[in-house]
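For reference, the structure I am asking about is given below.
Sequence lines set the chain letters: A, B, ... in the order given, protein chains first and strands last, and positions in each chain run from 1.
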Number of protein chains: 2
Amino acid sequence: MKHLPHKTIERLSQYRRALLICLDKGQTHIYSHEIARIQHITAVQVRRDLMLIGYTGTLRKGYNVKELIDLIGEIIDSQEGINVAIIGMGNLGRALINYFSGKRSHLKIVASFDINPDKIGNSMSGVPCYSSEEMDKVIKEKDIRIGIMTVPAEFASQTTDALVKAGIKGILNYTPKPVTVPKEVYLEEYDMITSLEKVAFYVKLNEKEEA
Amino acid sequence: MKHLPHKTIERLSQYRRALLICLDKGQTHIYSHEIARIQHITAVQVRRDLMLIGYTGTLRKGYNVKELIDLIGEIIDSQEGINVAIIGMGNLGRALINYFSGKRSHLKIVASFDINPDKIGNSMSGVPCYSSEEMDKVIKEKDIRIGIMTVPAEFASQTTDALVKAGIKGILNYTPKPVTVPKEVYLEEYDMITSLEKVAFYVKLNEKEEA
DNA sequence: CTAACAATGTTAAATAAATAACAAAAAACT
DNA sequence: AGTTTTTTGTTATTTATTTAACATTGTTAG
């Protein structure tokens, strides 16, 4: 397998989550068009994605749910699991910890960081909160590879620099401030305001078209 | 102007935010490559986006910051402003309200909803929290056009149906559960787990390539 | 037993987006 | 004045992604 499109990677993650729900319900097989309907995409796209990862279903029976979940895991997960830290225990940081708690996953949130003394030393859903000053030490000690930045925008740059210096391999930046990393660090940025403005734009467009 | 690419819409929103910061600093003009550097894209892409919206800069002086901000506003904002509601006042809902408070914007968060009686009746950053049962009424009364869903996954579908029934025009779904809306409603879905798994995948890929 | 059907898997075409190439013109320098 | 530089604006090309077309093959129904 050579290069999976970025979009395919995202969809595989989503397929898996949908499949896990099917598995819990006791469903053993699923058709491409069933997966497609859940994700609001076409069955062709599903089949194409699965072709790219080399999975073969059964004609007229569809795909084996369990097998497919495992294969997707082989593709997108790392064998050993990856430790993750959340930097900034504001509302967003706490939201993320809640999202993840309970979900068995190869991604483990093993630490959080903040500068607020009231938060440092506490735990949330089993995730201890450390002082930001200890970031370098804790990241190295716990072999944390991914950092999720949920700090206020004004701390985005310095936090990024500290993470990079500590040897982080990937950053998910939820601050509205774009940051810069060396090319060996994978960076994903997401900005909620942009998403909302985009929705507003298309809402406006729809209204204009109706008129 | 015919069809602006989706990606251009997103970038325009981001350009504007960067430009607002420049304006605050008193900067009157900006070059395409300066905008590009902030957003980690190429200057060509910036110029192309601006070409698409029909904005013309000044040779060797760059773009007029104020003018460009205003033009982007004309393109992506609606004249009257749009009212927004947040459904689900958990950590994520509160994070969004904080994000937006203070930001003068044509998008106004005018209501939030929850089922927790302790939250109903309170206000946060000036945003009152109503009972989810009042959703239909409040959305109509306040002319709310966009709903941001930050409810637990298991409530995603029913919340969506309620929003659609109340006449919402756009939904930003932050639950990990994909939902379905009629085609006249614009839907944007974002899933934090997918983003994190994507980062993990590329981190793994980088590590393999190094080896 | 054969025809119709319903599903997968793959190649081909179309669309969307990013990048490259380059023309034009104001400013700066000699 | 002429040349170089810098920056914009536009067209052309390339790359990425989605969609369409269609071949294939178990399965079911007559």
Practice problem: Figure out the NZ/C1' separation between B:Lys61 and D:dT6, and round it to whole Å. | Solution: 15 Å
Practice problem: Could you walk me through whether A:Tyr55 and A:Glu67 pass side chain to side chain donor-acceptor pair (under 3.5 Å), step by step? | Solution: CA-CA 9 Å; A:Tyr55 185 64; A:Glu67 277 178 21; 2.7 Å; yes
Self-check item: Side-chain donor-acceptor pair present, B:Thr180, A:Arg37, cut-off under 3.5 Å
Solution: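 No, no side-chain donor-acceptor contact under 3.5 Å.
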Quiz item: In this structure, which one of B:Asn91, B:Ile148, B:Leu172 forms a side-chain contact (heavy atoms from CB on, under 4.5 Å) with B:Leu96?
Solution: B:Ile148
Quiz item: Nearest-Å distance, NE2 (B:His29) to P (C:dA27)?
Solution: 11 Å
Practice problem: Among D:dT11, D:dA20, C:dA21, find the nucleotide with the atom closest to the side chain of B:Met51. | Solution: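 Per side-chain heavy atoms of B:Met51, the pick is D:dT11.
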Self-check item: Geometric class of the B:Tyr190/A:Tyr174 ring pair [parallel <30°, tilted 30-60°, perpendicular >60°]
Solution: perpendicular
Practice problem: Tell me which nucleotide among D:dT19, C:dA17, D:dT5 gets nearest to the side chain of B:Arg60. | Solution: D:dT5
Quiz item: Would you say D:dG9 has OP1 or OP2 under 4.0 Å from some side-chain N or O of B:Tyr63?
Solution: yes
Exercise. Hey, which sits more toward the 5' end of DNA chain C by its nearest nucleotide, A:Leu59 or A:Arg48?
Key: A:Leu59
Exercise. Decide side chain to side chain donor-acceptor pair (under 3.5 Å) for A:Ser78 and A:Arg145; before the verdict, give the C-alpha distance in whole Å, the side-chain angles of both, and the deciding distance to 0.1 Å.
Key: CA-CA 12 Å; A:Ser78 358; A:Arg145 305 250 185 87; 5.5 Å; no
Exercise. By nearest nucleotide on DNA chain D, pick out whichever of A:Thr42 and B:Gly62 is the more 5' one.
Key: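 Closer to the 5' end of DNA chain D: B:Gly62.
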Exercise. Looking at every strand, decide which applies to A:Ser32 at a 4.0 Å heavy-atom threshold: base, sugar-phosphate, or nothing.
Key: sugar-phosphate
Exercise. Counting heavy atoms from C-beta on, name the nucleotide in C:dT10, D:dT18, C:dA17 closest to the side chain of A:Lys7.
Key: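 Of the candidates, D:dT18 comes closest.
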Exercise. Starting at atom CD1 of B:Ile30, determine the distance to atom C1' of D:dT7, rounded to an integer number of angstrom.
Key: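 Interatomic distance, CD1 of B:Ile30 to C1' of D:dT7: 14 Å.
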Quiz prompt | Nearest-Å distance for atom pair NE2/P, residues A:His33 and C:dA6 | solution = 11 Å
Quiz prompt | Value in whole Å for how far the P atom of C:dA13 lies from CD of A:Gln45 | solution = 20 Å
Quiz item: NA contact type, A:Thr56, heavy-atom cut-off 4.0 Å: base, sugar-phosphate, or nothing?
Solution: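 A:Thr56: backbone/sugar contact only, no base atoms under 4.0 Å.
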Exercise. Using whole Å, report how far CG of A:Asp49 lies from C1' of C:dT8.
Key: 15 Å
Quiz prompt | Below 4.0 Å: OP1/OP2 of C:dT19 and any side-chain N or O of B:Arg47 | solution =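 B:Arg47 to C:dT19 OP1/OP2: no side-chain N or O under 4.0 Å.
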Quiz item: Tell me: CG of A:Leu68 to P of C:dT8, nearest whole Å?
Solution: 12 Å
Quiz item: Atom NE2 of B:His6 to atom C1' of C:dA16: distance rounded to whole Å?
Solution: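 Answer to the nearest Å: 10 Å.
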